[in-house]
Novice: 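Take this structure first; my questions come after.
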Amino acid sequence: MNTSLKEEQKLLKKAERKLRMEQSRSYRAMKSATKMMDDYYLDPILGLVPVVGDIVPHLFNASFFYISIFKIRSYALTVTLLRNVLIDTFVGMIPYVGIVLDFFYKSYRENTILIEGFVNDDPNIVKKVKRRAVYTTIFIVVLGVAIYYLAVFLWWTVTQLVEMIMR
């Protein structure tokens, strides 16, 4: 098989994959979530409501993760989407300032751009996703180790206190 035929088949498969994704319910749900949460500012508006504003916006991220995990099957993209969701979460947790910043930081728009760029093999997006995935993975591992050692230290402290009290 000659090289141009292989390249043509590869392009055809990529176009079919993109078309299947764009016709899927999950893709339409992702586009709707982006429109509602970022374009209509539902994310910062929900942030005004205690507890609801901390939980409900995350339900809208399900379609992004579904596409990344099951349609595209990319660890790097999934971790990068998680990074954006975590940034949005932590920014939203800052009292008062977080709600204002939610008007400017549009994680749903960013995640949509990343997914579409990744599917279209945009070299800049793919490079950005891979770079962010590495940094995010390192951060998660370091955070996990820190949490583990903090838990061990707390356990040790509590056992020492209990021993002191029991004497």
Side-chain angles (χ1 to χ4, degrees), residues 3 6-44 46-47 53-95 97-151:
T3 316
K6 285 182 181 179
E7 289 176 17
E8 198 173 299
Q9 288 177 336
K10 187 177 178 182
L11 287 173
L12 185 61
K13 282 185 178 182
K14 188 167 91 172
E16 287 174 358
R17 181 174 115 182
K18 179 183 174 190
L19 182 64
R20 272 196 320 273
M21 187 188 75
E22 288 176 349
Q23 292 175 341
S24 70
R25 284 187 294 190
S26 54
Y27 182 80
R28 289 191 303 274
M30 177 189 79
K31 295 296 272 187
S32 294
T34 299
K35 183 180 278 188
M36 288 189 307
M37 298 303 280
D38 284 344
D39 295 348
Y40 298 150
Y41 298 102
L42 187 59
D43 190 17
L46 286 172
D54 298 327
I55 298 170
V56 172
H58 296 298
L59 300 175
F60 287 92
N61 287 308
S63 58
F64 294 91
F65 287 108
Y66 179 82
I67 289 170
S68 180
I69 294 167
F70 297 108
K71 299 272 186 200
I72 300 172
R73 295 186 178 121
S74 170
Y75 169 80
L77 182 60
T78 303
V79 169
T80 302
L81 297 178
L82 177 63
R83 172 193 174 274
N84 290 342
V85 169
L86 290 174
I87 289 171
D88 187 44
T89 300
F90 291 126
V91 164
M93 290 173 65
I94 302 169
V97 176
I99 295 168
V100 173
L101 292 176
D102 258 346
F103 277 97
F104 300 104
Y105 182 70
K106 300 187 181 287
S107 66
Y108 298 90
R109 172 84 43 229
E110 173 71 13
N111 286 344
T112 299
I113 290 168
L114 291 175
I115 287 173
E116 290 174 344
F118 203 83
V119 168
N120 293 326
D121 285 332
D122 179 329
N124 294 328
I125 296 289
V126 171
K127 184 179 177 181
K128 179 193 283 189
V129 164
K130 288 181 178 180
R131 186 179 61 248
R132 287 181 179 176
V134 168
Y135 293 140
T136 304
T137 300
I138 291 168
F139 174 76
I140 289 170
V141 168
V142 168
L143 183 64
V145 169
I147 290 170
Y148 170 78
Y149 281 110
L150 179 62

Novice: OG of Ser24 to OH of Tyr66: how many Å apart, nearest 0.5 Å?
Specialist: 7.5 Å
Novice: Among Thr89, Asn111, Asn61, whose side chain to side chain donor-acceptor pair (under 3.5 Å) with Asn84 holds?
Specialist: Asn111
Novice: Minimum heavy-atom separation for Ile115 to Leu77, with atom names?
Specialist: CG1-CD2, 4.0 Å
Novice: Identify which one of Thr136, Ile140, Val134, Val141 satisfies the side-chain contact (heavy atoms from CB on, under 4.5 Å) criterion when paired with Ile138.
Specialist: Val134
Novice: Let me confirm one number: the CD1-CZ distance from Ile87 to Arg83, rounded to the nearest 0.5 Å.
Specialist: 3.5 Å
Novice: With heavy-atom distances below 4.5 Å as the criterion, would you say the side chains of Val85 and Phe65 are in contact?
Specialist: yes
Novice: Within a reach of under 6.0 Å around CE of Met93, are more than 12 heavy atoms found that belong to other residues, nucleotides or ligands?
Specialist: no
Novice: So, taking the atom named CE in Met21 and the one named CZ in Arg17, what distance separates them when rounded to the nearest 0.5 Å?
Specialist: 8.0 Å
Novice: Counting distance only, does the side-chain N/O of Arg28 pair as donor-acceptor with the main-chain N or O of Gln23 below 3.5 Å?
Specialist: yes
Novice: For Ser26 versus Lys71, what's the shortest heavy-atom pair and its separation?
Specialist: OG-CE, 3.5 Å
Novice: Quick check for you: to the nearest 0.5 Å, what is the distance between Asp38 atom CG and Glu110 atom CD?
Specialist: 10.0 Å
Novice: Are the side chain of Asp88 and the backbone of Ser107 linked by a donor-acceptor contact shorter than 3.5 Å?
Specialist: no
Novice: What verdict does the side-chain contact (heavy atoms from CB on, under 4.5 Å) test give for Leu114 and Phe64, after you've listed the backbone C-alpha separation in whole Å, the side-chain angles of each residue and the deciding distance to 0.1 Å?
Specialist: CA-CA 10 Å; Leu114 291 175; Phe64 294 91; over 6 Å; no
Novice: Would you please test Arg109 and Asp39 for salt bridge (charged side-chain N to carboxylate O under 4.0 Å, His left out) and show each step?
Specialist: CA-CA 9 Å; Arg109 172 84 43 229; Asp39 295 348; 2.4 Å; yes
Novice: Is it the case that over 12 heavy atoms from other parts of the model lie below 6.0 angstrom from the CZ atom of Phe139?
Specialist: no
Novice: CD of Glu8: more than 12 outside heavy atoms within 6.0 angstrom?
Specialist: no
Novice: With rounding to the nearest 0.5 Å, note down the distance linking OG1 in Thr78 to CG in Leu82.
Specialist: 9.0 Å
Novice: So, for Ser68 and Leu81, which heavy atoms are closest and what is the spacing to 0.1 Å?
Specialist: CB-CD1, 3.5 Å
Novice: Minimum heavy-atom separation for Met37 and Pro44, please, with both atom names.
Specialist: O-CD, 4.1 Å
Novice: Could you report the tightest heavy-atom contact between Val129 and Thr80, atom names first, then the distance?
Specialist: O-OG1, 3.0 Å
Novice: Do the side chains of Lys13 and Lys10 get nearer than 4.5 Å, heavy atoms only?
Specialist: no
Novice: Looking at every non-hydrogen atom in both residues, tell me the closest pair between Lys14 and Asn120 and how far apart they are.
Specialist: NZ-O, 3.8 Å
Novice: Parallel, tilted or perpendicular: which fits the ring planes of Tyr108 and Phe60, with parallel below 30° and perpendicular above 60°?
Specialist: perpendicular
Novice: Name the one of Arg20, Glu116, Lys18 that satisfies side chain to side chain donor-acceptor pair (under 3.5 Å) with Tyr27?
Specialist: Glu116
Novice: Could you tell me the separation between the NZ atom of Lys130 and the OH atom of Tyr75, rounded to the nearest 0.5 Å?
Specialist: 14.0 Å
